[in-house]
Amino acid sequence: MKHPFITLLFLAFVSSVSHAADSVVAYTSDAEVPDNVVDLWKDVDFRKDPLDTEIVKEWTEDGVVCRYVIYTVGTFKGEKSRMAAFYTFPKGAKNAPAIVWAHGGGQRADLAHGKYVAKHGYAMIDYNWGGREILEGTKKNTDWGAVDPSQGPQFYPGAFRKGTKLNLLPDEHTIDPVISPRNGNWYLLAYAGRRAITFLEEQPEVDPRKIGFTGFSMGGNITSYASIDPRLKAVVPMVGGAGYITADSPGLPGSGTARGYRDHVDLFAATMESQSYYAHTKCPVLLLNASDDFHGRFEFVYRCMDALPHDNWRVSQTMHLSHNLGPETWILMNLWFDKHLKGEAVEIPETASATLAIKGDSATFTTAPDQPGELASLDIYYTHDPNPKSRFWIAAEAAEKDGVWTATLPVREKLPLYAFANCTYPLAEPVEAMEGTATQFTLTSEQAVHLPEVIEADLLFSEAKAQPVFTDFREEGLRDWGIGSRPGITTYRFRDPRARTPGPEATMNIKIDAPRGKLSYRFRIVKNKYITESKDPQATYSKSFSITEPGPQTLRLNVGDFLERGKVAMTNWEDISTFTFDIYDGAAKESLHFTEENITDYISTIEWINE
């Protein structure tokens with residue numbers, strides 16, 4: 001027996017979630033929901049809907065035309081989604097190559113990106129998916145309409161939820177009324193990015209055959225999702241787009257960030273994780289990352305590159321940092337786009353091979369870099385730490401013969417061994433990168449991995465011994481420290497499994513050579529950040545010294561000298577994630593810049609003493 005009233009209710013419900021003018025048709029049953037990337041996007045025509053672009057404001061700065069524009073992403077649940085963005089291009093540009101930039105979480109479109117690339121001959125659209133204000137005094141901004149892929153009202157005033165939609169469940173503001181990959185935040189963010197490609201195609205200044213895509217952090221993820229678009233000629237995901245969001249790191253059960261996806265992990269992984277997109281990516285891929293990145297976990301970078309159907313990829317890892325890139329990594333974005341969008345004869349060496357030969361308790365790591373005669377340096381690093389977010393990468397002694405480098409590495413029972421080489425090549429002259437000045441660029445080799453059948457992370461520090469010298473800059477330079485775009489240098493040296501953590505009575509004895517007075521030597525410690533064995537909350541402690549006179553001096557740091565927010569004293573040296581040092585010049589009102597060549601002009605050694 002049919003029930004007319006129930007049938008009418010169902011039809012009314014369907015009509016409430018699917019509208020004739022919508023850019024995509026809502027799925028109304030589980031059977032309709034795609035379980036792979038190809039089917040998820042196959043019916044979407046990113047050129048179909050009019051962009052209805054509004055130029056809110058236009059001006060010119062230093063030969064760069066800057067526009068604040070708003071374009072239509074699409075129509076969802078009967079309402080238009082409108083996206084604010086900065087569109088920039090060189091004044092007088094014709095047939096210019098162009099780039100889409102996707103910003104990261106909590107961030108916003110940044111005019112500086114567009115101005116930088118415009119001075120290098122590119123047009124750029126930097127779309128403001130997060131909804132934060134990007135032009136002071138301009139109220140018109142991103143309006144997602146009836147849907148909401150934002151990170152909540154602290155960023156996007158029109159948010160319907162308190163935070164990010166990190167699940168596939170339906171609600172009144174999702175595209176689909178059933179469990180679907182289009183109900184999380186990522187689908188709409190990627191959709192908006194691919195509409196930004198359409199925006200560039202329609203601009204008279206742009207050559208539509210020369211479009212690339214890049215993004216940082218969450219924008220790196222978005223870049224990987226957009227990489228399947230056949231209109232793209234090259235992509236550069238940064239500290240994101242390394243996939244396997246929900247996967248555990250080997251030996252660390254529960255380390256994946258499944259969270260809201262936990263009941264639908266397989267569906268999410270197959271439709272909205274980067275590795276599932278790279279399998280269909282035909283354009284060249286350059287992935288820029290940091291060795292300890294929390295978002296782009298090291299080993300998963302390579303699993304994603306292995307998924308590509310071609311070998312035209314490169315990886316660059318900035319050492320001893322997380323979510324921060326150095327100039328030698330940043331500058332590769334320029335080289336990659338110059339080669340693949342402009343068509344310039346840019347020589348980018350191939351990815352170096354990497355192998356491990358295990359024999360008993362040792363392994364031979366071998367790498368063969370491309371163009372070995374052009375190398376400025378080659379550094380081999382290894383680790384036994386299963387935790388990719390807080391590793392201390394140990395520099396290995398290497399030997400070279402006939403353009404092949406080898407290093408003997410220890411193999412530890414029930415612990416993994418990861419190894420790779422950073423191959424650094426000189427630039428013809430210094431170049432201003434997106435952040436910092438680059439004199440060289442670094443390409444990272446393939447990774448070589450040994451994974452035992454059983455991994456026991458608790459064994460990591462079981463062979464640790466007392467080491468009186470923390471760092472000798474005179475012998476080691478900045479080998480164990482990371483230099484990024486932020487002030488100072490950072491190390492994960494406290495996570496060195498060879499070194500026993502000093503007791504609370506130990507004092508840091510720091511020998512410095514102040515070049516002048518009126519400097520502030522500043523030290524910062526972050527504890528319990530991404531350390532799997534620690535259950536305590538993350539805390540940041542700092543201590544600074546005002547240097548009034550130039551010359552050699554000794555600074556002593558007791559554990560209690562480090563204060564959290566200037567009040568709570570640190571009580572021990574345990575569970576330290578990172579240790580950062582910088583010098584602030586009060587007269588110049590800026591931090592000093594450290595290099596391999598000048599570091600010993602400021603500091604020579606850090607040692608432990610017990611009194």
Side-chain angles (χ1 to χ4, degrees), residues 319-322 324 326-327 392 436-437 467-496 499 501-502 504-527 529 539-574 576-611:
M319 290 307 302
H320 309 302
L321 292 176
S322 176
N324 192 356
F392 175 65
T437 302
Q467 292 193 1
V469 178
F470 185 81
T471 293
D472 189 335
F473 292 103
R474 300 166 303 179
E475 298 292 329
E476 303 163 3
L478 292 172
R479 181 191 69 190
D480 298 334
W481 297 73
I483 305 177
S485 56
R486 301 170 196 137
I489 54 177
T490 295
T491 186
Y492 286 82
R493 192 66 182 265
F494 277 96
R495 301 295 299 163
D496 186 347
T501 302
E505 73 285 352
T507 298
M508 267 190 167
N509 199 60
I510 305 173
K511 294 183 179 180
I512 70 169
D513 191 355
R516 55 187 175 276
K518 296 183 180 179
L519 296 176
S520 179
Y521 275 59
R522 307 188 299 191
F523 302 88
R524 184 174 72 253
I525 281 174
V526 177
K527 298 190 70 170
K529 187 173 184 179
T540 300
Y541 300 85
S542 59
K543 169 65 179 176
S544 62
F545 293 89
S546 294
I547 306 300
T548 57
E549 300 293 333
Q553 299 168 53
T554 298
L555 308 178
R556 291 196 173 183
L557 283 168
N558 296 310
V559 67
D561 292 334
F562 285 92
L563 301 179
E564 183 183 19
R565 298 179 181 177
K567 297 178 181 179
V568 181
M570 194 167 73
T571 59
N572 58 58
W573 300 105
E574 298 173 2
I576 293 176
S577 305
T578 56
F579 180 58
T580 299
F581 160 63
D582 83 301
I583 300 175
Y584 184 75
D585 185 334
K589 295 183 178 180
E590 63 181 11
S591 290
L592 302 185
H593 178 65
F594 301 131
T595 66
E596 285 282 0
E597 292 73 28
N598 74 10
I599 185 62
T600 53
D601 294 340
Y602 306 108
I603 186 170
S604 57
T605 59
I606 302 176
E607 299 176 326
W608 292 108
I609 58 174
N610 289 286
E611 295 181 333

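Once rounded to the nearest 0.5 Å, the distance linking CD1 of I483 with CG of L478 reads 4.5 Å. Interatomic distance, I525 CD1 to I576 CD1, rounded to the nearest 0.5 Å: 4.0 Å. Separating the CG atom in N558 from the CD atom in E505 is a distance of 10.5 Å, to the nearest 0.5 Å.
In plain terms, the two heavy atoms of Y541 and A569 that are nearest each other are CE2-C, 4.1 Å. Between Y492 and S322 the shortest heavy-atom distance is OH-CB, 3.5 Å. Minimum heavy-atom separation, T605 to F473: N-CD1, 4.4 Å. Summarising the geometry of I510 relative to I603, their closest heavy-atom pair is CG2-CD1, 3.6 Å, with the distance given to 0.1 Å. Of all the heavy atoms in N598 and H593, the pair that sits closest is ND2-O, 3.0 Å. The two residues H320 and R479 have their closest heavy-atom pair at NE2-O, 2.9 Å.
By the 30° and 60° cut-offs, the orientation of the rings of F494 relative to W608 is perpendicular. The aromatic rings of W573 and F562 sit perpendicular, their planes meeting at an angle over 60°, well past the 30° parallel limit.
Legend: residues meeting side chain to side chain donor-acceptor pair (under 3.5 Å) with T580, ordered by chain and number and at least two apart, are T490.
Side-chain contact between F579 and F470: present, with at least one pair of heavy atoms (C-beta onward) separated by less than 4.5 Å. Within the 4.5 Å cutoff, side-chain heavy atoms of S604 are placed close to those of R474.
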Throw together a table of side-chain donor-acceptor distances under 3.5 angstrom for residues 542-553, partners on residues two or more places apart or in other chains.
unit_1	atom_1	unit_2	atom_2	d
Q553	NE2	E549	O	2.7
Q553	NE2	G551	O	3.3

